[in-house]
Protein chains: 2
Amino acid sequence: MLKLSRMTDYAVLIMAQLAGADQAVAGTGSFANGGNEGMDTASGLAERTGLQQATVAKLLRLLAQGGLLTSQRGAHGGYMLARAPQDITVSAIVTAVEGPIAITACADGHSGEPCSLEILCPMSHGWNRINSAIRTALADITLAEMLPPAPLPARAAPVMAAKAGPGKDAALAAAG
Amino acid sequence: MLKLSRMTDYAVLIMAQLAGADQAVAGTGSFANGGNEGMDTASGLAERTGLQQATVAKLLRLLAQGGLLTSQRGAHGGYMLARAPQDITVSAIVTAVEGPIAITACADGHSGEPCSLEILCPMSHGWNRINSAIRTALADITLAEMLPPAPLPARAAPVMAAKAGPGKDAALAAAG
DNA sequence: CCTAAACAAGACCAATTCGGTACGAATTTA
DNA sequence: TAAATTCGTACCGAATTGGTCTTGTTTAGG
Ligand code: SF4
Ligand code: SF4
């Protein structure tokens with residue numbers, strides 16, 4: 001369906017949550033950790049998004065590796081945005097989680113075995129056009145634009161049903 | 001990687017081949033079947049693209065169901081383009097093979113369980129913007145634009161390595 | 001009528017990828 | 001030292017994908 005993976009969607013959601021909290025703290029200043037402003041822990045983010053802690057942690061690590069977040073280890077550690085929300089493009093988030101954006105094997109910088117004989121394939125040029133158009137679309141929207149004009153409510157309801165395998169539905173339980 | 005499935009890529013390649021043959025026949029008129037102009041069989045297409053016959057057949061059926069091709073059953077049957085190449089968008093091909101284009105579960109016309117509580121998710125609007133941008137990009141390029149200005153050579157070399165499971169590399173062998 | 005050529009439809013299977021979990025190690029603060 | 005927290009990686013089950021196969025159905029032609 002030409003859809004991005006669920007993980008990527010989660011990642012953007014987490015980033016949005018992070019950015020929202022960032023805005024919120026400017027007003028309230030109330031945080032779980034001892035005053036480390038704009039710093040969120042994986043557990044806290046997990047609770048606020050309704051996702052599993054481990055999953056959130058994995059994503060956060062990935063995003064930090066991509067340079068989108070700065071991390072602080074140890075007690076009272078956590079993550080915070082590396083740049084202002086309006087300087088973080090959706091493209092950057094997607095790339096951090098799923099790797100370079102390439103609609104076909106031939107488009108983009110040939111990371112991973114390109115389909116052989118692409119030199120003869122008449123379509124590579126067309127695909128490249130499409131590919132860069134998509135990349136532009138993704139790069140044109142920043143995290144700030146993904147947020148609603150008003151900051152998120154401090155206690156957002158859990159989003160995304162977990163569809164947890166064996167009969168468990170943690171997210172719904174948390175919501176109820 | 002935000003890539004479209006290999007099948008989709010195959011589909012476009014097949015369509016291009018069909019369109020190329022269409023152009024070619026205007027000049028040469030030489031065809032394997034008994035003069036059924038612009039009509040190609042699955043086997044013929046498979047041979048010219050270097051893909052497996054069964055795979056090509058499946059794709060052709062899919063494309064026909066999507067209304068992009070017309071099919072003629074029985075002896076001397078085959079497929080031909082339903083419309084002129086410049087009236088077939090890449091978007092149409094992608095949609096025919098992978099279903100509606102929806103970058104997230106919430107974007108697009110909610111086919112298949114949308115992620116619960118999307119009403120509360122602050123990002124649906126942003127995703128919709130991106131989604132329609134991508135759809136526009138795909139819809140802006142037609143099959144005709146994917147082809148090179150000159151018609152394909154009648155006997156194109158096989159494209160796309162099959163990566164056939166146990167150590168076989170048919171395409172490379174054919175190329176060498 | 002009979003056969004061959006071709007599409008139609010779906011079942012089926014192996015391989016990969018995806019979503020999610022678990023555990024141990026490193027690092028920082030108290 | 002103890003607690004909190006990230007880091008890294010390995011792992012597993014399930015879903016998806018890529019590809020094959022089998023069994024019709026339709027048409028042309030002898
Ligand atoms: S070279 Fe052609 S066939 Fe190969 S991935 Fe690119 S577009 Fe597809
Ligand atoms: S509603 Fe939000 S969390 Fe759910 S799919 Fe859409 S963007 Fe992702």
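Residue numbers start from 1 in every chain, and the chains themselves are labelled A, B, ... in the order their sequence lines are given, proteins ahead of strands.
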**Prompt:** If every non-hydrogen atom of B:Thr89 is compared with every non-hydrogen atom of B:Leu138, which pair is closest and at what distance?
**Reply:**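 Reported closest heavy-atom pair: CB-O, 4.3 Å.
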**Item:** Distance-minimising heavy-atom pair for A:Ala57 and A:Tyr79
**Value:**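 Closest pair (atom of A:Ala57, atom of A:Tyr79, distance): O-OH, 4.5 Å.
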**Asked** Taking 4.0 angstrom as the limit, do A:Arg129 and B:Asp140 come out as a salt bridge?
**Response**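 Looking at A:Arg129 and B:Asp140, the cut-off is not met.
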Between [X] ([atom1]) and [N] ([atom2]), how many Å, whole number?
X       : N      : atom1 : atom2 : answer
A:Leu63 : D:dC7  : CG    : C1'   : 15 Å
A:Lys3  : C:dC18 : NZ    : P     : 13 Å
B:Leu18 : C:dC7  : CG    : P     : 11 Å
A:Arg61 : D:dC7  : CZ    : P     : 7 Å
B:Leu60 : D:dT20 : CG    : P     : 15 Å
A:Asp9  : C:dC18 : CG    : C1'   : 14 Å
A:Gln53 : C:dG19 : CD    : C1'   : 16 Å

For [X], which contact category applies under a 4.0 Å heavy-atom criterion: base, sugar-phosphate, or nothing?
X       : answer
B:Ala42 : sugar-phosphate
A:Glu98 : nothing
B:Gln65 : sugar-phosphate

**Request:** Give a yes/no on whether any side-chain N or O of B:Tyr10 is located under 4.0 angstrom from OP1 or OP2 of D:dG18.
**Result:**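 No, outside the criterion.
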**Item:** Contact under 4.0 Å: A:Ser43 side-chain N or O vs D:dT5 OP1/OP2
**Value:**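 A:Ser43 to D:dT5 OP1/OP2: no side-chain N or O under 4.0 Å.
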**Message:** Is it the case that D:dT25 (base atoms only) and B:Arg73 (side chain only) share a donor and an acceptor within less than 3.5 Å, ignoring hydrogens and angles?
**Reply:**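 Donor-acceptor pair under 3.5 Å: yes.
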**Request:** Go through the N and O atoms of the side chain of A:Lys58 and the base of C:dG19, and report whether any donor-acceptor pair is under 3.5 Å.
**Result:**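 By the distance-only test, no, there is no pair.
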Tell me which nucleotide among [options] gets nearest to the side chain of [X].
X       : options                : result
B:Met7  : C:dG20, D:dG18, C:dT29 : D:dG18
A:Tyr79 : D:dT6, C:dA30, D:dG29  : D:dT6
B:Gln72 : D:dG19, D:dT27, D:dT20 : D:dT27

**Prompt:** So do B:Ile88 and B:Arg83 actually touch side chain to side chain, heavy atoms under 4.5 Å?
**Reply:**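 In contact.
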**Prompt:** Under 3.5 Å, side chain of A:Asn131 to main-chain N/O of A:Ile103, donor-acceptor pair present?
**Reply:**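 Here the side-chain-to-backbone pair exists.
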**Message:** Please compare A:Thr8 and B:Ser71 by the position of their nearest nucleotide in DNA chain C and report the one closer to 5'.
**Reply:**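 Here B:Ser71 is the residue nearer the 5' end.
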